[in-house]
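I have placed the structure first, in the form of structure tokens, so that the comments after it can refer back to it.
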Number of protein chains: 2
Amino acid sequence: MAGAATGSKDMAASRLLGVFREHGYDGASLAELSKATGLGRSSLYHHFPGGKEDMAKAVFDHIHEWMEISALAPLREPGDPAERLQKMINAIDRYYVGGYERCLLGSFVLGGSRGRFQPQLKSSFSGLIKALAALAVEAGASQEQGFERAEEAVVQIQGSLVVSGGLDDPAPFRRVMERLPRLILGRS
Amino acid sequence: MAGAATGSKDMAASRLLGVFREHGYDGASLAELSKATGLGRSSLYHHFPGGKEDMAKAVFDHIHEWMEISALAPLREPGDPAERLQKMINAIDRYYVGGYERCLLGSFVLGGSRGRFQPQLKSSFSGLIKALAALAVEAGASQEQGFERAEEAVVQIQGSLVVSGGLDDPAPFRRVMERLPRLILGRS
DNA sequence: ATATCTGAACCGAACGATCGGTACATATCT
DNA sequence: AGATATGTACCGATCGTTCGGTTCAGATAT
């Protein structure tokens, strides 16, 4: 049992994530956070002494870890760029349940709590863009092209989640997922 | 002075818009809505008997009206498609202050209050997509192509507002604004 | 003309409920 | 015993909403 030390806290964070995802930061109440985790109020404050804000930070860590392991790691493996990109796309598709689930990052950006979490948001978005840009460069793009393609990819992912949510129709998200390989790897 | 009858209610709605835009639905408190409009709490309830939800609905109407007049009307005028599109792009750019201001539609989609306003959200997004699609078709695209381009345009606008907000950098939004003409009107 | 009535617009105070957060005594484990 | 974890009861602040009451322009009545 070497690396399994993150156990209970990580479990809590994933439950908290669900609540923040559904209600946003302001909309997520301690009552629901408590119910979702199965922890009483004081237990929550034991694990997250900084209160609600601390819980949200833990959720960011959780997301960061997920992104690193499930989305970015495949991009850095050896092998065919197209295959590695597809692994990441599949991970993202699973994460957003085909476009039916909201993005917590987007929710925090557009919600009233942007300022509080700007560093985490910035780090998440730029990390994602950088990893995708590296892959694009590997696939033959120039540094500048690679960055532009990567930024556009993240823009389209985020935008499609908003539009799919607004239309109550996962099709826009699905179409973006299909466009991603050509967008990142080039037009041929 | 014929059509100026929408006066005070519309004025209030535009002030309310600012608060909802900045704090989201859950984050916007009656105290701030009152301060922003200059109306006391109970005066707000006089104009919006349905309370906070009613105020948000009024804000949607306000947005719908703005979109119809400032963004969509130019698209329907006679004249060069590229020029008409550029008018709309300029209007959007002004509306989001070059990427520094949030989108209320996106905020409501990603926030906890999506279900309450789904009809309005759906109508706004699909109206925008339809108008852009019509212009694309006029510029030579097939029906299907036109719709795809229009959807992608809205996806990119929304996505760039999220990414620009997350990175605290208006550049992604600006780049999308620059890409829009080619995206809608075709590659040539 | 002037007194009377009406109703829209407005207000601050107060409501019950819930908010995020704390204190503390009791478990549970080592 | 001593540290870690949890449940209960509670705090003041703020939430969205409602209430009682005032102001004042304009219609109506005499």
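Residue numbers begin at 1 in each chain, while the letters A, B, ... track the order of the sequences.
- Distance CG (B/Leu44) to P (C/dA8): 18 Å, rounded to an integer number of Å.
- Separating the CG atom in B/Leu105 from the CG atom in B/Leu121 is a distance of 6.0 Å, to the nearest 0.5 Å.
- When rounded to the nearest whole Å, the span between CG of B/Leu39 and C1' of C/dC11 equals 10 Å.
- Of the charged side-chain nitrogens involved, none lies within less than 4.0 Å of a carboxylate oxygen, so that A/Glu32 and A/Arg15 do not count as a salt-bridged pair.
- Ion pairing between A/Glu53 and A/Lys57 holds under the 4.0 Å rule for side-chain N and carboxylate O.
- OP1 or OP2 of C/dC10 has not a single side-chain nitrogen or oxygen of B/His46 nearer than 4.0 Å.
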Contact state string [nucleotides 12-25 of chain C, B base, S sugar-phosphate only, - no protein heavy atom under 4.0 Å]: B-B----SBBBB--
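- Residue A/Gly38 is classed as having no contact, given no heavy-atom separation below 4.0 Å to the nucleic acid.
- As rounded to whole Å, 16 Å separates atom P of D/dT18 from atom NE2 of B/His47.
- Ionic pairing of A/Glu77 and A/Lys87 is present here: one or more N-O contacts between side-chain nitrogen and carboxylate oxygen are shorter than 4.0 angstrom.
- One can place CZ of B/Phe48 at 16 Å from P of D/dT18, the figure rounded to the nearest angstrom.
- Side-chain atoms of B/Ser43 do not come within 3.5 Å of backbone N or O of B/Leu39 as any donor-acceptor pair.
- Between B/Tyr100 and B/Phe173, the ring center distance fails the sub-6.0 Å criterion.
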